[in-house]
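My questions will all concern the structure given below.
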Amino acid sequence: MLEAARQALGGATRVLVVTGAGISAESGIPTFRGEGGLWEGFRAQDLATPQAFARDPELVWRWYRWRRDICNRAQPNPGHLAVARLEQTHDSLLLTQNVDGLHPRAGSERLVEIHGNIDTARCTACWTLTPIAELDDGVPRCPRCAGTMRPHILWFGETYWEGTLDVGLAFAGRADVCLVVGTSGMVTAPTSVAMHAKRSGAFVIDVNPNTSEVTRFADAWLKGPSGELLPELIGAD
Ligand code: APR
C-alpha cells in the first residue's frame, strides 16, 4: 500500500490534502470522538453548538480557553511538517478541519482552515474578527460595537461560511492525488470534497490507524499514525 501511494504521489502534479483531528493526536491534542475528548464531563458535541453558547456563553468560553491553551502549548509533529513540505514539491492545497493552528506553525501556507481558528474570536453582532489574546477574560465584548464575542469556530449545526469550501472543491476537481489524514469522516462536507476528487480521477490515500468513512473509497489505506507514516510517504528533512 505504501509503495502504491508513493508512486501515485511521485507521479502527481496537484495534491489536495484534507486533515482532521488525528494528525494532531501525536502532538497531544485529544481528537473529538476519541478518548480524552471529554472536558468536565461534557462531550465536544455538547459544547460546540450555538445552543450551548446561547445557554451558557461563560461555560463555552471556559472550554475554548482550556483547549486554546492545550493547542498553543502543543508542537507540530512530523506529520504536520511532512504536509508542509509537500508545498515545495507539488502544487498542493491543504483543507484542514483543525482549529489548533499547528499546520500554519509547521509552515503550511496554502491552507484553508475550514472550521476556523482557536486563536480568533468573532463578534456575534458585527462579525469583526479579533485575536483572543487582545480580549478580556470571561465573555468578551467586541472592541468595535460592544457586541458579544464568540470563538471563530464553525459549530455543529452551522453552515460553512460563504466560499470556504469552493476553493477546495475547485482544486479537488483537478487534483491527481487526494491525501486524507486523521479524520473519521463523520463531518460530511470535507469527506465530500475528497469524494469529489475521487470522482474527478484523483488517487485517494487515507492515513488513519482505524477505518474511516474515507477508507471505503480510498485507493490506498495507510494504516497507522500519521506522525510515522507521512514522513515515510512524503519524505523527511
Ligand atoms: N494518526 C492519524 N489518525 C489518527 C491518529 C493518528 N495518530 N489518532 C487518531 N486518528 C484518527 C482516528 O482514528 C479518527 O478516525 O483521527 C480521527 C479523528 O476523528 P474525529 O475525532 O471525528 O475528528 P475529525 O474527523 O477531525 O472531526 C471532524 O468534527 O467536532 C467536529 O469540527 C470538529 O473538526 C472537527 C470535526
Side-chain angles (χ1 to χ4, degrees), residues 1-2 5 17-39 42-53 60 63-64 67-68 70-71 74-83 94-103 106 111-120 122 150-161 164-165 168 178-195 204-218 220-234:
M1 279 293 176
L2 181 61
V17 187
V18 179
T19 64
I23 195 169
S24 296
E26 288 152 87
S27 294
I29 301 177
T31 60
F32 280 84
R33 296 172 181 84
E35 279 173 36
L38 283 183
W39 173 76
F42 294 97
R43 298 178 314 156
Q45 295 93 310
D46 298 328
L47 292 172
T49 69
Q51 292 79 9
F53 190 70
V60 173
W63 178 57
Y64 271 104
R67 289 186 57 212
R68 179 169 171 258
I70 293 175
C71 295
Q75 296 301 324
N77 67 54
H80 298 104
L81 296 171
V83 167
L94 167 60
L95 290 194
T96 186
Q97 299 169 76
N98 301 344
V99 299
D100 56 35
L102 291 181
H103 279 303
L111 90 159
V112 188
E113 293 172 304
I114 61 174
H115 291 171
N117 182 286
I118 196 90
D119 284 316
T120 308
R122 181 176 89 224
R150 59 166 275 179
H152 182 49
I153 306 268
L154 187 85
W155 284 336
F156 290 100
E158 295 186 317
T159 47
Y160 281 84
W161 305 306
T164 316
L165 291 173
C178 177
L179 175 61
V180 185
V181 187
T183 179
S184 60
M186 306 280 275
V187 175
T188 49
T191 308
S192 59
V193 175
M195 214 176 263
V204 176
I205 305 168
D206 184 28
V207 182
N208 199 316
N210 304 300
T211 53
S212 71
E213 294 297 314
V214 177
T215 324
R216 290 188 290 115
F217 62 90
W221 173 27
L222 306 187
K223 184 174 187 244
S226 49
E228 287 172 24
L229 290 175
L230 288 177
E232 281 184 43
L233 176 67
I234 298 166

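As a basis for the values below, the full set of heavy atoms in this structure was taken, side chains included, without hydrogen atoms, waters or symmetry mates. As the structure lists them, so they are numbered: ligands from 1, and atoms in each ligand from 1.
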Query raised in the report: Purely on distance, is any nitrogen or oxygen of Val207 under 3.5 Å from one on ligand 1?
Result: no

Query - Within the 6.0 Å centroid threshold, strictly below: Trp161 and His152 - result: yes

Query raised in the report: Counting distance only, does the side-chain N/O of Glu158 pair as donor-acceptor with the main-chain N or O of Trp155 below 3.5 Å?
Result: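 Side chain of Glu158 to backbone of Trp155: a pair is present.
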
Query raised in the report: Is there a side-chain contact between Leu230 and Val207, using heavy atoms and a 4.5 Å cut-off?
Result: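 The answer is yes; the side chains approach within 4.5 Å.
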
Requested in this report: May I ask you to decide if Val181's main-chain N or O and Ser226's side chain share a donor-acceptor pair within less than 3.5 Å?
Outcome: no

Query raised in the report: Measuring from the heavy atoms of Met186, does anything fall under 4.0 Å of ligand 1?
Result: no

Requested in this report: Tell me which part of Gln97 gets within contact of ligand 1: side chain, backbone, both or neither, using heavy atoms under 4.0 Å.
Outcome: both

Query raised in the report: So, the side chain of Asp206 versus the backbone of Trp221: is there a donor-acceptor pair under 3.5 Å, distance only?
Result: no

Query raised in the report: Does any N/O atom on Ser212 come nearer than 3.5 Å to any N/O atom on ligand 1?
Result: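 Checking ligand 1 against Ser212, no N or O pair falls under 3.5 Å apart.
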
Query raised in the report: With no hydrogens and no angle check, is any side-chain donor or acceptor of Ser212 less than 3.5 Å from a backbone partner on Val214?
Result: yes

Query raised in the report: Hey, which atoms in ligand 1 end up nearer than 4.0 Å to a heavy atom of Glu26?
Result: 1 (N), 6 (C), 7 (N)

Query raised in the report: Below 4.0 Å from any atom of ligand 1, is there a heavy atom belonging to Ala44?
Result: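 No, Ala44 has no heavy atom closer than 4.0 Å to ligand 1.
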
Query - Asn208-ligand 1 polar pair, N/O distance under 3.5 Å - result: yes

**Report entry** Contacting atoms of ligand 1, where contact means under 4.0 angstrom from a heavy atom of Gly20
**Finding:**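 The list of qualifying atoms is 26 (O).
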
Query raised in the report: Quick one: which ligand 1 atoms are inside 4.0 Å of a heavy atom on Val187?
Result: 28 (C), 29 (O), 36 (C)

Query - Donor-acceptor contact present, side-chain Asn77 to main-chain Gly227, <3.5 Å - result: no

Query raised in the report: Do Ala21 and ligand 1 have an N or O pair less than 3.5 Å apart?
Result: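 Ala21 vs ligand 1: N/O contact under 3.5 Å present.
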
Query raised in the report: Regarding Thr19 and Thr96, is there a side-chain donor-to-acceptor distance under 3.5 Å anywhere?
Result: yes

Query - N/O donor-acceptor pair under 3.5 Å between Ser192 side chain and Thr188 backbone - result: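 At least one qualifying donor-acceptor pair exists.
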
Report task. Find all atoms of ligand 1 within a distance of less than 4.0 Å from any non-hydrogen atom belonging to Gly182, and give their numbers and elements. Result ->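 Listed by number with element, the hits are 2 (C), 3 (N), 16 (O), 17 (C), 18 (C).
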
Requested in this report: Look at the side chain of Thr49 and the backbone N and O of Gln45, then say whether any donor-acceptor pair between them is shorter than 3.5 Å.
Outcome: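 Not confirmed, Thr49 side chain does not pair with Gln45 backbone.
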
**Report entry** Contact atoms of ligand 1, heavy-atom distance to Ala25 under 4.0 Å
**Finding:**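 Answer for ligand 1: 8 (N).
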
Report task. Taking only heavy atoms of Pro225 into account, list the atoms of ligand 1 that are under 4.0 Å away from them. Result -> 1 (N), 6 (C), 7 (N)

Query raised in the report: Could a heavy atom of Trp155 be found less than 4.0 Å from some atom of ligand 1?
Result: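 Flag not set, Trp155 not near ligand 1.
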
Query raised in the report: Based purely on interatomic distance, does Asn98 place a nitrogen or oxygen under 3.5 Å from a nitrogen or oxygen of ligand 1?
Result: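 For ligand 1, there is no N or O atom that lies under 3.5 Å from one belonging to Asn98.
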
